[in-house]
Amino acid sequence: MFLRDIWYFALPGETLKRGAMVHKVLLGEPLVIGRDEAGEVFALRDICPHRGVPLSAGVLLDAKSSGCGAATVECPYHGWKFRTDGHCAEIPSLVPGQDVEVSRIRVRRYPVREVNGNLWVYMADEKRADLAPTHEPPAMPGFDGRTANIRETMIFSCHVDHAVIGLMDPAHGPFVHRAWWWRTRKSIHEKSKAFAPSELGFAMVEHKPSSNSAAYKILGGAPTTEISFRLPGIRIEQIKAGRNRLVGLTSVTPIDETTTEITQSFYWTMPFLSAIKPIARHFMRAFLAQDRDMVDLQQQGLRFDPRLMLINDADVQAKWYQRLKSEWQDAIEQGRPFANPVKPATLRWRS
């Protein structure tokens, strides 16, 4: 099951130009996401209600070209036009006197927001599809209006839960991410981190990076980091080094039950980092690929439907994730405010 009535990362905003549309599957649902000539982004169900053709295969017409007084998506099969709010604006085959209320025909519209260059889509339960979102998607702290400096996306062949739990797993680093520039098996030592509840999730409160996290040293000064997780699968790491700031956004988006998309984005204030983008991109790809390869290996065991265990303290974040999911679903179904089940705690593990 996927969480509903919540925002999911859909696309980097810079990949969607004015007058363009793209097809995207989220939570097993087909969407067409587009940007009109005015720069406004919209998202509709990517199926024409007439004969089932994907609307993304058609064209996005501006208000003047459409002849409908508004931007419309034109289906390639019979030319039915739909405004970006989902309502049908024209059926070319109709002749005067035929009794069809065109404006009552519509395709589902999904709320969409563009924040810090990230396009978020609100995936409500179908029975609540016409209700306004109950909250807003996350903004990157300290980067008002700014877009990502670098991104990398990779597909994992697994259910979203395994991708999310792998993302927050603190103990796999020395085994999965072995590299001279990051960590080795010999670097394992005990760690103790304080956690607290945060918006729709929890946070590892601000602290000095571990001594075996050598990559932080390139930022100079005495860096501190704070790592937060929020539903449905969003990890934000804030690193401060004097007046410099670097924020990493990792978004986990379910495409369907066996396919998950991971997008890693970084924002920074240090100009010198832009000069090493090619190197940084190589490391990002290598890091994500290591996680992907382990998830692929994990599927070999999971196909036998084994019982899995979670231990304290290394797997407590995974337990919190399951509790957060359950509470979110219960709160939605019961029509009450979400009550964060996470309590302040200090967790200890070796990695």
Exercise for review: Just do the side chain to side chain contact (heavy atoms under 4.5 Å, CB included) check on Asp296 and Met294 with the steps written out, would you?
Suggested key: CA-CA 5 Å; Asp296 288 346; Met294 184 53 63; over 6 Å; no
Exercise for review: Begin from the C-alpha positions of Tyr321 and Val316 and carry the test side chain to side chain contact (heavy atoms under 4.5 Å, CB included) through to its verdict.
Suggested key: CA-CA 9 Å; Tyr321 168 63; Val316 165; over 6 Å; no
Exercise for review: May I have the step-by-step check of salt bridge (Lys or Arg N to Asp or Glu O under 4.0 Å) for Arg83 and Asp85, ending in yes or no?
Suggested key: CA-CA 5 Å; Arg83 297 196 304 267; Asp85 64 2; 3.3 Å; yes
Point to revise | Test side chain to side chain contact (heavy atoms under 4.5 Å, CB included) applied to Thr224 and Ile239, step by step | key: CA-CA 6 Å; Thr224 63; Ile239 303 171; over 6 Å; no
Review point. Is there a side chain to side chain contact (heavy atoms under 4.5 Å, CB included) between Lys191 and Arg348 once you walk through the steps?
Key: CA-CA 6 Å; Lys191 298 179 181 180; Arg348 299 169 59 236; over 6 Å; no
Exercise for review: Tell me, with the steps shown, if Glu199 and Arg230 meet salt bridge (Lys or Arg N to Asp or Glu O under 4.0 Å).
Suggested key: CA-CA 7 Å; Glu199 184 177 9; Arg230 60 179 281 169; 3.7 Å; yes
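For the pair His78 (side chain) and Pro76 (backbone), a donor-acceptor distance under 3.5 Å is absent. A donor-acceptor distance shorter than 3.5 angstrom exists from the side chain of His87 to the backbone of Ser103, with no hydrogens or angles considered. Side chain of Ser66 to main chain of Ala63: a donor-acceptor pair is present (N/O by atom type, distance under 3.5 Å, no hydrogens or angles). Side-chain N or O atoms of Tyr267 include none that pairs as donor or acceptor with a backbone N or O of Gly248 at under 3.5 Å. Checked by atom type and distance alone, the side chain of Thr260 pairs as donor or acceptor with a backbone atom of Val160 at under 3.5 Å. Judged by distance alone, with hydrogens and angles left aside, the side-chain atoms of Arg281 form a donor-acceptor pair with the main-chain N or O of Arg151 at under 3.5 Å. Panel note: side chain Asp46, backbone His23; no donor-acceptor pair is recorded below 3.5 Å. Between the side chain of Thr258 and the backbone N or O of His159 there is no donor-acceptor pair closer than 3.5 Å. Remark: the backbone N or O of Val115 is paired with a side-chain donor or acceptor of Asn118 at under 3.5 angstrom. Within the 3.5 Å criterion, the main-chain N or O of His135 finds a donor-acceptor partner in the side chain of Trp7.
Atom CZ of Arg106 sits in a sparse spot, with 12 or fewer heavy atoms from other residues, nucleotides or ligands closer than 6.0 Å. The environment of CD in Gln334 is crowded: more than 12 heavy-atom neighbours from other residues, nucleotides or ligands sit within 6.0 Å. Within a 6.0 Å radius of CD1 in Ile155, other residues, nucleotides and ligands contribute more than 12 heavy atoms.
Note: the hydrophobic cluster containing Met204 does not contain Val247 (ILVMFWY, side chain heavy atoms under 4.5 Å, direct or indirect links). Connection of Met270 to Ile276 is established within a shared hydrophobic cluster, with ILVMFWY side chains joined at heavy-atom distances below 4.5 Å, either directly or through further cluster members. Two different hydrophobic clusters hold Leu119 and Tyr122 under the rule that ILVMFWY side chains link at heavy-atom gaps under 4.5 Å. Val252 and Ile227 fall within the same hydrophobic cluster, defined by Ile, Leu, Val, Met, Phe, Trp and Tyr side-chain heavy atoms under 4.5 Å apart, directly or through other members. Side-chain heavy atoms closer than 4.5 Å link hydrophobic residues (I, L, V, M, F, W, Y) into clusters, and following such links, even through other members, never connects Leu249 to Val121.
When all heavy atoms of Gly233 and Val164 are compared, the pair lying nearest together is CA-CG2, 4.1 Å. Nearest heavy atoms, Ile105 versus Pro49: CG2-CG, 4.1 Å. The shortest non-hydrogen separation linking His207 to Lys193 is CD2-NZ, 3.2 Å. In terms of heavy atoms, Ile150 sits closest to Lys277 at CD1-O, 3.8 Å. Of all heavy-atom pairs between Leu324 and Phe338, the closest is CD2-CZ, 3.7 Å. Counting all heavy atoms, side chain and backbone alike, Val53 lies closest to Tyr77 at CG2-CD1, 3.3 Å.
Residues Glu114 and Arg35 meet the side-chain proximity criterion, which asks for heavy atoms closer than 4.5 Å. Contact check for Ile33 versus Met21: no side-chain heavy atoms found under the 4.5 Å cut-off. Contact check for Leu246 versus Asn244: no side-chain heavy atoms found under the 4.5 Å cut-off. A heavy-atom distance below 4.5 Å is found between the side chains of Met284 and Phe266. Counting heavy atoms from C-beta outward, Phe195 and Thr346 have side chains that stay 4.5 Å or more apart. Side-chain contact check for Ser56 versus Val22: every heavy-atom pair is 4.5 Å or farther apart. Counting heavy atoms from C-beta on, the side chains of Asp330 and Arg336 come closer than 4.5 Å. Under the 4.5 Å side-chain criterion, counting only non-hydrogen atoms from C-beta, Arg45 is in contact with Tyr110.
In this structure, His177 and Phe287 have parallel ring planes: the angle between them is below the 30° cut-off, well short of the 60° mark. Aromatic ring pairs are classed by plane angle as parallel below 30°, tilted from 30° to 60° and perpendicular above 60°; the pair Trp80 and Phe82 is tilted.
Considering CG of Leu273 and CG of Asn149, their distance stands at 8.0 Å, rounded to 0.5 Å. The distance from the OG atom of Ser265 to the CG atom of Asn116 is 10.0 Å, given to the nearest 0.5 Å. Remark: Gln98 CD to Ile91 CD1 distance equals 9.5 Å, nearest 0.5 Å. Atom CG of Leu167 sits about 7.0 Å away from atom CD1 of Ile262, to the nearest 0.5 Å. The line from NZ of Lys81 to CG of Leu55 is 13.0 Å long, rounded to the nearest 0.5 Å. A distance of 10.5 Å separates CD1 in Ile6 from CG in Leu27, rounded to the nearest 0.5 Å.
A side-chain donor from one of Thr250 and Gln264 sits under 3.5 Å from a side-chain acceptor of the other.
A salt bridge is defined here as a Lys NZ or Arg NE, NH1 or NH2 lying under 4.0 Å from an Asp or Glu carboxylate O, and Asp161 with Lys325 meets this definition. Salt bridge Arg128/Glu333: present, at least one basic N to carboxylate O contact under 4.0 Å. Salt-bridge annotation for Lys17 and Asp36: absent, with no side-chain N of the basic residue lying under 4.0 Å from a carboxylate O of the acidic one. Comment: Arg235 engages Glu237 in a salt bridge, judged by a side-chain N to carboxylate O separation of less than 4.0 angstrom. Between Asp125 and Lys127, at least one side-chain nitrogen of the basic residue sits less than 4.0 Å from a carboxylate oxygen of the acidic one, meeting the salt-bridge criterion.
Legend: side chain to side chain donor-acceptor pair (under 3.5 Å) pairs involving residues 303-317, not counting sequence neighbours, sorted by first then second residue: Asn312-Lys319.
Under the salt bridge (charged side-chain N to carboxylate O under 4.0 Å, His left out) criterion, Arg285 pairs with Glu152, not counting sequence neighbours.
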Would you mind writing out the side-chain donor-acceptor pairs for residues 139-146 within the sub-3.5 Å range, not counting sequence neighbours?
| from | atom 1 | to | atom 2 | distance (Å) |
| --- | --- | --- | --- | --- |
| Arg146 | NH2 | Trp268 | O | 2.9 |

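When ring centroids are compared, Tyr8 and Trp120 stay outside the 6.0 Å threshold.
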